Amino acid sequence: MTRLAILASGSGSNAEKIMEHFQNSDKAAIALVASNKTDAFVLERAKKFGVPTYTFTRKEMDAGKLLEKLQAEKIDWVILAGFLLKIPAELIRAFPERMINIHPALLPNYGGKGMYGHHVHEAVKAAGDTQTGITIHLVNEHYDEGKVIFQAATPLTPEDTPESIAQKVHTLEHRYFAEVIDSLI
Ligand code: GRF
């Protein structure tokens, strides 16, 4: 049974869809949900699915505590789903081509440091783009620059707001993320 860990810093709507997808899988299990925020709602969602949780600080992560935990839990793949801290190189090297992230835009556009959540959707709106989308990519040592595995787009109209853009993006994420993970592992 392949063991997956989800890292998230916020609400965790993607994490919930992934836990739902693998709940009765005979191929893989969500073995851990970990967060750098002790009040992240994703931890509540994990409890609902009976998935063990783990919280840590940036300092602990940089000191190797998270890697220790992932290795102790015999984790095979690490899924970043709304995780906002930069992953230390040592941790990326411990999961070669086995750490993936979802980004709420069509990379290489609107990626990089500081480009997350509403900042992305506001930039897409300000640019007057006629479409946006999601990118699922491998994690390497540069923000949002890892090999792209999957992209999906959705059309935008001038009436769209950063909030409606965010909703359209979430719809795509919830539609595809779990399936893409399942096709990869
Ligand atoms: C998602 O839009 C994801 O693309 C981005 O952060 C957001 C997390 O949303 N990296 P949620 O916590 O899964 O609801």
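On a predicted model such as this, the values are computed, not experimentally measured, just so you know. Quick note: residue numbers are just sequence positions, from 1. Atoms within each ligand, like the ligands themselves, are counted from 1 in listed order.
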Show your working on side-chain hydrogen bond (donor to acceptor under 3.5 Å, both in side chains) between Q167 and H170 and close with a plain yes or no.
CA-CA 5 Å; Q167 199 39 61; H170 267 316; over 6 Å; no
Kindly compute the distance separating CZ (R175) from CD1 (I134), expressed to the nearest 0.5 Å.
9.5 Å
Ordered by chain then number, the protein residues lying under 4.0 Å from ligand 1 by heavy atom are S11, G12, S13, N14, G82, I102, H103, P104, H170, E173
Besides Y116, the hydrophobic cluster formed by Ile, Leu, Val, Met, Phe, Trp and Tyr side chains linked at under 4.5 Å, directly or via other members, contains L84
Looking at F56, I'd like to know if the NZ or CZ of K69 sits under 6.0 Å from its six-membered ring centre while staying within 45 degrees of the ring's axis.
no
Are K86 and E141 close enough for a salt bridge, meaning some N to O gap below 4.0 Å?
no
Under 4.0 Å between a Lys/Arg side-chain N and an Asp/Glu carboxylate O for K125 and D160?
no
